[in-house]
Amino acid sequence: MRFYVTTPIYYVNSTPHIGHAYTTIAADILVRHHRQRGDDTFFLTGVDEHADKVARVAAAQGLSPREYTDGIVGAWQELPHRLNATNDFFIRTSDEGHKRFVQEFLQRIHDNGREDIYQDVYAGWYCVGCEAFKTEDELVDGKCPDHGIEPEWLEERNWFFRLSAYQDALLAIYDERPDFVLPAFRYNEACSFIEGGLRDFSISRATQTWGVPIPWDPDQVAYVWADALVNYLSALSYAPGDDLQRFWPATHLLGKDILRFHCVYWPALLLAAGYEPPRQLFVHGYLNSDQRKISKSLGNVIDPLDLIDVYGADAVRFWCARQVSFGQDGNVTLESFQERYDRELANDLGNLLSRTTAMIARYRDGVLAKSPGAGAIDADALRGAIVERFDRFDITAALEEIWQAVRRLNQHVELNAPWELAKDEAKAAELDAVLYDLADGLCAVAIAVAPYLPETAPRILETLGQSADLSLEHVRAQTAEAAEAIEPAPPLFPRVEEPTAAA
Ligand code: MSP
């Protein structure tokens with residue numbers, strides 16, 4: 001199977017915070033899982049440069065937009081790298097290949113024979129934070145509720161896209177494909193927006209110069225969303241390899257604030273330009289702090305790189321998948337981070353490996369015999385549950401399944417008390433079986449958890465003398481081979497003393 005997954009491309013008007021790391025982590029967990037299944041995958045992330053708010057930040061620093069974005073893009077490229085994200089390409093909308101593709105894309109709509117692009121004057125309240133027009137009833141006390149700023153009155157002659165003509169075509173897609181948008185409540189939200197009637201929107205800006213020139217009217221540049229959405233397609237046209245045919249249509253991950261652009265505007269633009277609509281869209285919620293969205297404009301950001309410095313990338317990835325049910329909003333605090341790190345990573349998983357290897361070293365001179373007992377966990381059921389959860393994008397539920405297996409392995413130690421068995425020569429076979437079942441369960445767990453903990457999983461396998469093959473089919477009973485020279489493992493997740501070091 002093919003699996004092409006994307007994150008939104010991030011605005012570069014400031015540096016990344018944990019909310020941006022969130023989608024990149026989720027996409028990486030998904031794509032690593034699909035690789036484990038043997039799928040042919042492509043993972044795209046990148047940055048959205050041609051926003052008015054980017055041009056404004058540049059001007060405030062006395063820089064041209066290009067100088068500014070060239071200066072800050074490094075911080076955004078560092079993010080996936082430090083998160084251990086395995087993106088195949090990192091797109092910048094200022095790439096020549098992207099700009100050329102956007103022009104071709106808009107020209108295709110312009111020339112599609114249905115007059116889907118026409119000129120008109122638009123006047124309305126524009127929120128620079130959202131880079132979108134707002135209706136009066138979307139404002140609270142005259143301000144954009146998401147950004148806490150007053151929108152600006154904008155009036156200009158622009159090129160418009162006839163979105164209204166695509167209502168039936170969009171509803172037909174939603175009718176045919178009940179899982180086109182997940183979770184289901186987001187599908188319903190998108191449907192009711194479409195059923196409520198669609199208004200054409202302007203796809204160009206006359207008063208800006210920072211952007212992709214409209215091919216048939218170079219005095220105007222493309223509206224930032226008409227430029228940015230196209231990245232999902234353009235990247236395949238110039239990223240190394242000839243991949244457009246191979247990977248389109250894509251699976252898009254996005255936050256709930258940009259649902260309309262992705263679930264309504266984007267499929268319509270694609271149809272108008274003669275491309276297939278996306279395969280699927282998954283809309284996630286917000287990481288909140290004190291019930292408010294973590295965002296630069298609200299000033300409550302957590303820096304993911306600081307967290308990685310203190311706890312490591314695996315711990316940050318784990319926390320993002322585990323703390324908030326993927327798809328829902330959730331509150332996050334640094335205390336919750338420390339708590340999960342200590343209790344679940346260091347204790348549940350780290351100690352399990354330390355105990356298991358210490359017992360193999362002590363009671364069996366480091367030799368693991370292939371001497372299965374009844375098994376400590378049901379690895380086949382675990383594998384099935386993981387696939388089922390991942391097919392619904394429920395990375396949180398899949399991780400919970402894995403953690404139940406971790407807990408069962410710990411119970412297996414307590415219930416069988418290997419230290420008692422070791423005292424009695426007559427129970428040698430029983431002890432071998434308990435040690436094997438533990439090591440075997442740990443191997444299955446390591447492979448299962450690899451998309452979340454890509455640094456830790458191979459370490460577990462290596463410590464147990466196993467090959468580094470992470471195929472999902474190895475999440476099964478008796479996956480562990482006999483091994484020698486197993487030594488007591490040092491802590492997988494060493495104690496971190498200062499929970500506030502990352503604040
Ligand atoms: N540039 C547009 C996207 C264009 S995609 C063709 C944009 N950029 S953004 O930087 O403002 O947001 C990017 C993504 O980060 C969005 O999906 C947004 O929901 C997500 N998040 C930003 N803050 C967030 C949280 N606090 N929590 C979870 N995700 C959040 O929109």
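In what follows, every heavy atom counts, from backbone to side chain, and hydrogens, waters and symmetry copies are set aside. We're numbering straight along the sequence, starting at 1. Note that ligands are numbered from 1 as they come in the structure, with each ligand's atoms numbered from 1 the same way. Given the structure is predicted, the values throughout are model-derived calculations rather than measurements.
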Review point. Does the cation-pi check pass for R108 over Y275, that is, NZ or CZ under 6.0 Å from the six-membered ring centre and within 45° of its axis?
Key: yes
Exercise for review: Tell me whether the guanidinium CZ or amine NZ of K134 lies under 6.0 angstrom from the six-membered ring centre of Y126 and within 45° of its axis.
Suggested key: no
Revision key, fill the gap. Those residues with a heavy-atom separation under 4.0 Å from ligand 1 are P8, I9, Y10, Y11, H17, G19, H20, Y22, D48, W225, A228, L229, N231, Y232, L254, G255, D257, I258, H262, H284, G285, Y286, L287, K293, I294
Practice item. For F261, check ring pair (Phe, Tyr, Trp, His ring centres under 6.0 Å) against everything at least two apart and list the hits. Key: W225, Y265
Study note, to complete from the structure: Residue set satisfying ring pair (Phe, Tyr, Trp, His ring centres under 6.0 Å) with Y118, at least two apart, ordered chain then number -> F160
Practice item. Indicate yes or no: at least one non-hydrogen side-chain atom of L139 is less than 4.5 angstrom from one of P151. Key: yes
Point to revise | T86: side-chain hydrogen bond (donor to acceptor under 3.5 Å, both in side chains) partners, not counting sequence neighbours | key: D28, R35
